[in-house]
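First the structure, in the form of structure tokens, and then the observations on it.
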Amino acid sequence: MTEIFGVPVAVLLGQVLLGLINGSFYALLSLGLAIIFGMLNVINFAHGAFYMLGGFAAWFALSVLGVGYWPGLIIAPVAVALFGVVVERLFLRHLYRMDHLYSLLFTFGLALALEGLFRHVYGSAGKAYPLPLSLSGGYNLGFMFLPAYRAWVILASVVVCFVTWYGIERTRLGAYLRAATENPSLVQAFGINVPLLLTLTYAFCVGLAGFAGALAAPLYQVSPGMGSNLLIVVFAVVVIGGMGSIVGAIVTGLGLGVIEGLTKVFFPSASTIAVFIIMVLVLLVRPAGLFGRER
């Protein structure tokens, strides 16, 4: 069997695939975090809780409503986005002009409350979510076996991230949104409902987290702590890519997932801290992040 640095190619590619899976979730979650911070000036510490809500929404749709995987993949992010609308309109909109600390404390408290509520109702063990039959099995590529669902997760993540980037950077609606965050009074004078635009932006971003949670449900156990386990790493991804940078969130999320996977092959004991070591090194060289801008 062909080897690279003493490691069989099949093992190496398997870890790269695993890294891309993790990187797909990092990219989706950090993308939402970056948009919320860059556009709304809010540090959304409840993002992991919204990811968890997406997983439970998909499980609830399947086990209680009897809805299959594909409709559940739409229902889950929409349900999370609607909950995000309630949170934004009742609480967050009052914190936009205040110090970052207030939004951080509020969203941190919200995350603890949601996680505690679901742990009380469903327990810490969580719920199993079966793989959809249409995505079971896989493809024999000769040098490795590619599970169909893992391929779908990577494809779905890349497509959603690209569409989001294109919508914000290359469309008129995205231009309105960027202008509304820079000069809301001027944009309002042109007849654009800025508060509604900001509400929909927050709802879309937490909906991305819900979509990631629904994608993750068949791969991981749906549990109250599933979001908190990822959140610190996702924040590190956002910092490395640059706070508020959409491209940085996507590229860094996928890239760090691969690096993390390769670290498990060559230096397993450092795999859990590789992301944070990279964060420290990047901040020493570029305090604004790889794709961030100095202010």
Side-chain angles (χ1 to χ4, degrees), residues 21-22 24-33 36 44-92 106-136 147-150 152-157 159-160 164 199-231 234:
I21 295 293
N22 293 334
S24 297
F25 295 118
Y26 295 162
L28 280 173
L29 290 170
S30 60
L31 175 61
L33 274 178
I36 290 174
N44 189 36
F45 220 87
H47 216 62
F50 288 115
Y51 169 76
M52 178 267 295
L53 287 178
F56 269 102
W59 172 83
F60 185 87
L62 178 67
S63 60
V64 178
L65 302 180
V67 175
Y69 171 79
W70 296 107
L73 197 59
I74 298 174
I75 292 172
V78 170
V80 174
L82 291 176
F83 180 69
V85 169
V86 175
V87 171
E88 195 277 340
R89 293 187 72 87
L90 292 182
F91 305 106
L92 271 183
F106 168 73
T107 54
F108 180 68
L110 177 63
L112 291 179
L114 290 173
E115 186 175 329
L117 175 63
F118 275 76
R119 183 175 287 111
H120 174 73
V121 176
Y122 297 104
S124 299
K127 304 293 181 180
Y129 191 103
L131 277 173
L133 292 178
S134 58
L135 293 174
S136 60
Y149 191 79
R150 295 176 185 269
W152 156 247
V153 168
I154 297 171
L155 176 63
S157 173
V159 170
V160 169
T164 302
T199 299
L200 294 178
T201 300
Y202 184 79
F204 175 77
C205 291
V206 300
L208 284 178
F211 178 75
L215 276 181
L219 288 176
Y220 311 113
Q221 191 85 345
V222 179
S223 66
M226 63 185 292
S228 58
N229 297 335
L230 275 180
L231 189 62
V234 172

How far does [atom1] of [X] sit from [atom2] of [Y], to the nearest 0.5 angstrom?
X      : Y      : atom1 : atom2 : answer
Leu135 : Arg150 : CG    : CZ    : 13.0 Å
Ile36  : Tyr202 : CD1   : OH    : 5.5 Å
Leu117 : Leu53  : CG    : CG    : 9.5 Å
Phe204 : Thr199 : CZ    : OG1   : 15.0 Å
Ser157 : Leu28  : OG    : CG    : 3.5 Å
Cys205 : Leu31  : SG    : CG    : 7.0 Å

With the side chain counted from C-beta on, respond yes when [X] and [Y] share a heavy-atom pair under 4.5 Å apart, and no when they do not.
X      : Y      : value
Val80  : Phe211 : no
Val121 : Pro224 : no
Leu230 : Tyr220 : no

Ring geometry between Tyr122 and Trp59 (parallel below 30°, tilted from 30 to 60°, perpendicular above 60°) =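 Ring orientation, 0 to 90° scale: perpendicular.
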Write down the atom of [X], the atom of [Y], and the distance for their closest heavy-atom approach.
X      : Y      : result
Ser223 : Ser124 : CB-O, 3.9 Å
Pro130 : Pro218 : O-CB, 4.1 Å
Gly84  : Val206 : CA-CG2, 3.9 Å
Val67  : Gly72  : CG1-N, 3.8 Å
Ala216 : Met226 : CB-CE, 4.4 Å
Pro77  : Gly207 : CB-O, 3.3 Å

Which is it for Phe50 and Leu208 under the side-chain contact (heavy atoms from CB on, under 4.5 Å) test, yes or no, and what are the steps along the way?
-> CA-CA 9 Å; Phe50 288 115; Leu208 284 178; over 6 Å; no
Do side-chain atoms of His47 reach the backbone of Leu29 as a donor and acceptor pair under 3.5 angstrom?
->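 Present.
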Thr107 side chain to Phe45 main-chain N or O, any donor-acceptor pair under 3.5 Å?
->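 Between the backbone of Phe45 and the side chain of Thr107 there is a qualifying donor-acceptor contact (under 3.5 Å).
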Per the side-chain hydrogen bond (donor to acceptor under 3.5 Å, both in side chains) rule, which among Tyr149, Tyr69, Trp70, Trp152 passes with Ser134?
->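 By the side-chain hydrogen bond (donor to acceptor under 3.5 Å, both in side chains) criterion, Ser134 pairs with just one of Tyr149, Tyr69, Trp70, Trp152: Trp70.
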Looking at residues at least two apart in the chain, or sitting in another chain, which of them share a side chain to side chain contact (heavy atoms under 4.5 Å, CB included) with Leu112?
->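 Listed in chain order: Phe108.
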Under the side chain to side chain contact (heavy atoms under 4.5 Å, CB included) rule, collect the residues that match up with Val159, sequence neighbours excluded.
->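 By the side chain to side chain contact (heavy atoms under 4.5 Å, CB included) rule, Val159 matches Leu155, Val163.
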May I ask you to check whether over 12 heavy atoms, not counting those of Leu90, lie within 6.0 Å of atom CG?
->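 Result for CG/Leu90: enclosed.
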Kindly indicate, with the supporting measurements, whether the criterion side-chain contact (heavy atoms from CB on, under 4.5 Å) is fulfilled by Lys127 and Ser63.
-> CA-CA 10 Å; Lys127 304 293 181 180; Ser63 60; over 6 Å; no
So among Phe118, Phe83, Tyr51, which one has a ring-ring contact (aromatic ring centres under 6.0 Å, His included) with Phe56?
->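 The single option meeting the ring-ring contact (aromatic ring centres under 6.0 Å, His included) with Phe56 is Phe118.
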Candidate list Val153, Val160, Leu215, test side chain to side chain contact (heavy atoms under 4.5 Å, CB included), partner Ser24, passing option =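 So the option named by the test is Val153.
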